[in-house]
Amino acid sequence: MTGFTVALVMVVAAAVILRWRRPAWYWLAFGAAFAALRVLVRYTSVMDACGLTVPPSRWRLTLARITNRPVPESRAPRILRLRPTRTGLVLRLKLRPGQDAFDVSTATDRLRHSFSMYGVTSRELRSGVVEVRMTGYDVLKRVQMPAKTDTAPMRVPVALREDGSVHYRDYRSVPHGLTLGATESGKSVYQRNLVAGLAPMNVALVGIDCKQGVELFPLARRFSALADNPDTALDLLEALVTHMEGVYQLIRAEQRITVNVPDAEIAADIWDLPDHLRPVPVVVLVDEVAELALFATKDEEKRRDRIITALVRLAQLGRAAGIYLEICGQRFGSELGKGITMLRAQLTGRTAHRVNDESSANMAFGDIAPDAVLAAIQIPTDTPGIAVTGDSSGGWARIRAPHTSLREAVNHCNKHADRTPDLPALAAFRPAVAPLPSDRVPLSKTAPATA
């Protein structure tokens with residue numbers, strides 16, 4: 001009995017230490033089993049208390065009256081599957097007639113409290129089927145990306161969502177994006193994760209960093225073109241517009257619109273072209289977009305108008321040519337001048353870290369997800385990296401990118417420097433970098449000569 005007591009005390013102590021120091025390990029070892037049991041035991045009563053049950057149908061009441069049986073109880077949504085994950089539980093429910101997915105989404109806060117979980121979110125998979133994702137601990141406190149992610153061409157895992165799932169930057173479905181964030185908000189770390197994720201892919205990276213290149217030029221070995229001032233940025237953007245027009249001429253020449261060609265084989269963008277003809281896609285990263293829109297003289301105003309016009313043209317027409325924009329900045333508002341709101345309208349993906357003013361959050365989410373504006377301005381200063389992301393569908397979520405130092409990002413870009421494509425239209429903007437030093441040091445069996 002003494003040995004059993006000692007073992008029990010050691011297990012409890014280990015569980016307490018794990019829950020304090022390693023919540024992910026505690027969840028996998030103890031928390032998942034306890035939470036699943038808690039959900040199954042409390043399910044019916046919790047659903048009834050949260051108003052997620054429906055009264056018995058008339059034929060059941062009639063059958064109970066005829067057979068002289070007790071009145072049947074209200075029915076909760078049927079559990080289709082309960083699956084534990086590395087961060088929580090996934091509960092798939094089949095709704096009863098008369099219920100709606102909105103009923104479940106409005107009850108997520110009550111479900112979180114009733115099931116003693118850290119967070120609960122829901123989404124409708126198809127008509128009548130709702131997936132409820134529950135997290136057992138704060139997954140954004142110490143971000144740990146899963147070892148295996150669902151990667152695809154132009155689809156980069158960049159952060160972790162608050163429900164434990166991976167947040168992807170998918171350029172095929174969301175071509176252009178806007179990322180906002182004040183100083184020390186984690187915007188640069190998010191950008192490094194994005195570049196590190198794109199580095200091993202068959203893609204050309206083009207950077208515009210008007211902070212004299214301090215953010216992007218350390219990663220220059222993986223960039224096909226870089227600009228560090230507004231004058232060079234203007235020339236680079238206009239060269240990109242010329243490159244885009246050349247790609248469209250290629251698509252026109254290879255559309256194959258004949259009677260014998262099936263509709264699915266008619267080329268409308270670069271992804272419809274054969275592999276040997278397809279131009280390499282281009283991702284344009286603009287850091288501190290406000291530096292491109294500010295001016296103090298008439299000449300700078302003319303330059304600014306040409307820059308914004310080129311960006312708007314790339315945002316409107318670049319997707320089919322395989323040109324994708326990633327606009328970043330500390331401040332993004334209508335006071336930056338004409339054309340800014342037109343540019344914003346083309347940036348489908350929106351990500352906002354901590355911002356210093358509500359108007360920036362409104363510029364990011366006011367036209368697509370008003371609820372996300374309040375969430376963006378409530379991000380505390382002591383949690384850099386926390387961000388709110390949304391798109392034109394109206395949905396939004398809190399995310400956090402894993403911390404990636406500049407040294408780690410540089411090493412990752414240097415490792416894949418051989419994948420940097422040469423674009424003839426952008427050859428003048430290719431950064432001049434020294435060759436990588438050899439990792440091997442020649443060894444000699446003979447002693448060095450002495451004078």
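Nothing fancy with the numbering, it's 1 onward along the sequence. Not measured: the values here are computed from a predicted model.
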Apply side-chain hydrogen bond (donor to acceptor under 3.5 Å, both in side chains) to T53 and list each qualifying residue two or more places apart in sequence or on a separate chain.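 For T53 the side-chain hydrogen bond (donor to acceptor under 3.5 Å, both in side chains) partners, ignoring immediate neighbours, are D48.
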What pair of heavy atoms forms the shortest contact from [X] to [Y], and how long is it?
X    : Y    : value
V158 : L194 : CG1-CD1, 3.7 Å
G164 : V139 : N-CG2, 4.2 Å
A182 : N356 : CB-ND2, 3.5 Å
T183 : R354 : O-NH2, 2.9 Å
L423 : A204 : CD1-CB, 3.9 Å
A397 : R161 : CB-NH1, 3.2 Å

Taking side chain as C-beta onward, heavy atoms only, is [X] less than 4.5 Å from [Y]?
X    : Y    : answer
P384 : E184 : no
I208 : L285 : no
L89  : F115 : no
L160 : H167 : no
L91  : L93  : yes
S360 : F365 : no
I379 : V388 : yes
F332 : V289 : yes

Side-chain donor/acceptor of [X] to backbone N/O of [Y], under 3.5 Å:
X    : Y    : answer
E408 : S405 : yes
R112 : V120 : no
T389 : A352 : no
Q99  : R96  : yes
D228 : D209 : no

Set of side chain to side chain contact (heavy atoms under 4.5 Å, CB included) partners for A387, sequence neighbours left out: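 If we apply the side chain to side chain contact (heavy atoms under 4.5 Å, CB included) test to A387, skipping adjacent residues, the hits are T351, H353, I399.
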Mind checking what makes side chain to side chain contact (heavy atoms under 4.5 Å, CB included) contact with D150, not counting sequence neighbours?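 If we apply the side chain to side chain contact (heavy atoms under 4.5 Å, CB included) test to D150, skipping adjacent residues, the hits are R155, Y168.
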To the nearest 0.5 Å, what is the distance between [atom1] ([X]) and [atom2] ([Y])?
X    : Y    : atom1 : atom2 : result
S185 : Q330 : OG    : CD    : 7.5 Å
L294 : R304 : CG    : CZ    : 9.0 Å
M201 : R419 : CE    : CZ    : 10.0 Å
E291 : L336 : CD    : CG    : 10.5 Å
M244 : R313 : CE    : CZ    : 5.5 Å
M47  : C50  : CE    : SG    : 7.0 Å

Identify the residue among R169, H176, Q191 that makes a side-chain hydrogen bond (donor to acceptor under 3.5 Å, both in side chains) with E326.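 Among R169, H176, Q191, the one meeting side-chain hydrogen bond (donor to acceptor under 3.5 Å, both in side chains) with E326 is R169.
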By the definition side-chain contact (heavy atoms from CB on, under 4.5 Å), identify the one residue from L216, L205, N414 that meets it with R222.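 That would be L205; it is the only one of L216, L205, N414 passing the side-chain contact (heavy atoms from CB on, under 4.5 Å) with R222.
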Anything under 3.5 Å between a donor and an acceptor, one on a side chain of residues 79-88, the other on a protein residue two or more places apart or in another chain? List them.
unit_1 : atom_1 : unit_2 : atom_2 : d
T85    : OG1    : T87    : N      : 3.4
T85    : OG1    : G88    : N      : 3.0
T85    : OG1    : G88    : O      : 3.1
R86    : NH1    : Q144   : O      : 3.3
R86    : NH2    : Q144   : O      : 2.9

Go through it in stages, so that I can follow the logic: the residues are V203 and V282, the test is side-chain contact (heavy atoms from CB on, under 4.5 Å), and I'd like the CA-CA distance, side-chain angles, deciding distance and then a yes or no. CA-CA 6 Å; V203 60; V282 180; over 6 Å; no
May I ask you to check whether over 12 heavy atoms, not counting those of Y118, lie within 6.0 Å of atom OH?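 Count not over threshold, so no.
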Count the heavy atoms of every other residue, nucleotide or ligand shown that sit under 6.0 Å from NZ of K338, and state whether that count exceeds 12.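 It does not: K338 NZ has 12 such atoms or fewer within range.
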Without hydrogens or angle criteria, can the side chains of R133 and T121 be said to hold a donor-acceptor pair below 3.5 Å?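 Short answer, no.
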Indicate whether the side chain of T135 and that of D163 have a donor and an acceptor atom separated by less than 3.5 Å.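 Short answer, no.
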Could you go through E131 and R126, starting from their C-alpha distance and side-chain angles, then the distance that decides it, and tell me whether this counts as salt bridge (charged side-chain N to carboxylate O under 4.0 Å, His left out)? CA-CA 10 Å; E131 183 181 82; R126 57 182 183 273; over 6 Å; no
Start with the C-alpha gap between E288 and E215, add the side-chain angles, then the distance that decides, and say whether side-chain contact (heavy atoms from CB on, under 4.5 Å) holds. CA-CA 10 Å; E288 299 303 340; E215 291 287 348; over 6 Å; no
Distance-only donor-acceptor pairs under 3.5 Å for side chains of residues 314-325, two or more places apart:
unit_1 : atom_1 : unit_2 : atom_2 : d
R319   : NH1    : D269   : OD2    : 3.4
Y324   : OH     : W271   : NE1    : 3.0

Does any pair with a residue in residues 400-419 pass ring pair (Phe, Tyr, Trp, His ring centres under 6.0 Å), and if so which ones, sequence neighbours excluded?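 Matches after skipping sequence neighbours: H412-H416.
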Evaluate the criterion side-chain contact (heavy atoms from CB on, under 4.5 Å) for residue pair M363 and I340; output intermediate values, then yes/no. CA-CA 10 Å; M363 199 69 173; I340 288 296; 4.0 Å; yes
Between T341 and L343, is the side-chain contact (heavy atoms from CB on, under 4.5 Å) condition met? List the steps. CA-CA 5 Å; T341 54; L343 175 62; over 6 Å; no
